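Written out below as structure tokens is the structure these notes cover.
Just so we're clear, the structure is a prediction, and the values are computed from it rather than from any experiment.
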Amino acid sequence: MSVKAIIDGVLEREGGGRVTNDSADHGGRTQYGISERSHAAAWADGKVTEAEARDIYESKYYKGPGYDQIPDSHAKTREQLVDFAVNSGPYIATQKLQEAVGTKVDGKFGKETLAKLLAIDDRSIANLLAVARIRMLGRIVQKNNTQARWISGWLNRATEWIH
């Protein structure tokens with residue numbers, strides 16, 4: 001799956017170009033899934049363009065953490081990691097992957113993590129990562145019940161890769 005297709009999926013899951021500004025959303029104003037809090041520069045002119053969003057997703061959530069190194073044999077895992085990183089940050093997404101594959105958990109996607117990932121079939125890793133994501137979401141809501149309003153969407157998103 002191409003980076004364009006991966007980002008197309010993220011944009012769709014993030015609601016496209018619709019602007020949201022829910023006081024319960026810690027990211028604040030959001031467009032194309034790009035929050036003002038995390039990406040103030042993209043909001044400097046009062047809006048985010050689709051091109052800006054695509055650039056941010058590719059540089060920060062695909063190439064930045066090194067997920068572009070994952071070969072097509074593990075395309076589901078690569079796609080899920082990008083989506084997970086968009087929601088929780090690349091550091092957390094990588095930590096959950098490292099826990100799933102049984103390697104040193106440091107939040108850095110390196111050669112050891114890639115080797116462990118490639119030693120397990122794509123379907124199994126995608127499922128393990130989805131389960132880790134679901135558990136994490138449960139802990140978030142348990143810790144702060146104001147976040148429960150988002151759980152349905154988060155769970156739908158996390159379970160998308162279970163096969």
Side-chain angles (χ1 to χ4, degrees), residues 1-15 22 24-28 30 32-35 37-39 53-163:
M1 174 174 280
S2 70
V3 65
K4 181 190 179 309
I6 291 170
I7 294 171
D8 286 347
V10 170
L11 289 172
E12 184 178 322
R13 286 184 289 278
E14 289 290 341
D22 190 314
D25 184 345
H26 297 308
T30 303
Y32 293 106
I34 303 299
S35 72
R37 179 175 156 228
S38 295
H39 304 283
R54 287 181 177 280
D55 287 346
I56 290 167
Y57 287 136
E58 185 169 350
S59 65
K60 185 171 180 180
Y61 303 102
Y62 182 72
K63 290 181 179 174
Y67 302 153
D68 58 323
Q69 299 172 49
I70 301 171
D72 287 343
S73 63
H74 287 70
K76 281 269 185 228
T77 300
R78 181 178 60 215
E79 181 183 12
Q80 183 181 179
L81 278 168
V82 171
D83 188 75
F84 196 169
V86 166
N87 278 157
S88 302
Y91 184 80
I92 290 173
T94 300
Q95 282 184 319
K96 296 304 176 190
L97 172 67
Q98 290 168 328
E99 289 171 7
V101 301
T103 191
K104 178 182 169 188
V105 179
D106 62 6
K108 297 174 187 168
F109 187 84
K111 291 178 183 177
E112 184 180 338
T113 301
L114 180 60
K116 290 278 192 171
L117 181 151
L118 295 177
I120 305 170
D121 70 279
D122 191 32
R123 181 179 179 174
S124 295
I125 293 195
N127 289 343
L128 289 169
L129 193 56
V131 169
R133 192 172 178 180
I134 291 164
R135 286 185 177 136
M136 184 192 80
L137 294 170
R139 286 190 298 276
I140 288 170
V141 171
Q142 188 174 30
K143 199 175 195 179
N144 181 353
N145 66 3
T146 66
Q147 298 302 296
R149 68 182 295 179
W150 312 110
I151 196 68
S152 179
W154 290 343
L155 290 174
N156 286 340
R157 200 163 174 163
T159 59
E160 186 175 327
W161 286 273
I162 295 176
H163 296 283

Supply the atom-to-atom distance [X] [atom1] to [Y] [atom2], rounded to the nearest 0.5 angstrom.
X	Y	atom1	atom2	value
His39	Thr30	NE2	OG1	9.5 Å
Leu81	Thr94	CG	OG1	6.5 Å
Phe84	Met136	CZ	CE	4.0 Å
Arg157	Arg133	CZ	CZ	6.5 Å
Tyr57	Ile6	OH	CD1	13.5 Å
Lys4	Tyr62	NZ	OH	13.5 Å

Taking the side chain as every heavy atom from C-beta outward, state whether [X] and [Y] have any pair of such atoms under 4.5 Å apart.
X	Y	answer
Ile140	Trp154	yes
Leu97	Ile125	yes
Ile134	Ile162	yes
Tyr67	Pro90	yes

Heavy-atom closest contact ([X] atom, [Y] atom, distance):
X	Y	answer
Arg123	His163	NE-O, 2.9 Å
Glu14	Val86	OE2-CG1, 3.4 Å
Thr77	Leu117	CG2-CD1, 3.8 Å
Pro65	Phe109	O-CB, 3.1 Å
Ser73	Leu118	OG-CD2, 4.3 Å
Pro71	Leu114	CD-CD1, 4.4 Å

Legend entry - Candidate pair His74 and Gln80, rule side-chain contact (heavy atoms from CB on, under 4.5 Å), full reasoning: CA-CA 10 Å; His74 287 70; Gln80 183 181 179; over 6 Å; no
Legend entry - Side-chain donor/acceptor of Gln98 to backbone N/O of Gly107, under 3.5 Å: yes
Inset, instruction - Would you check if the side chain of Thr159 reaches a backbone N or O of Asn156 as a donor-acceptor pair within less than 3.5 Å? - result: yes
Legend entry - Arg54 and Leu11: CA distance, side-chain angles, deciding distance, side-chain contact (heavy atoms from CB on, under 4.5 Å) verdict: CA-CA 8 Å; Arg54 287 181 177 280; Leu11 289 172; 3.5 Å; yes
Legend entry - NZ/NE/NH1/NH2 to OD/OE distance under 4.0 Å, Glu160 and Lys76: no
Inset, instruction - Identify which one of Asp68, Asp72, Asp83, Asp122 satisfies the side-chain hydrogen bond (donor to acceptor under 3.5 Å, both in side chains) criterion when paired with Arg78. - result: Asp72
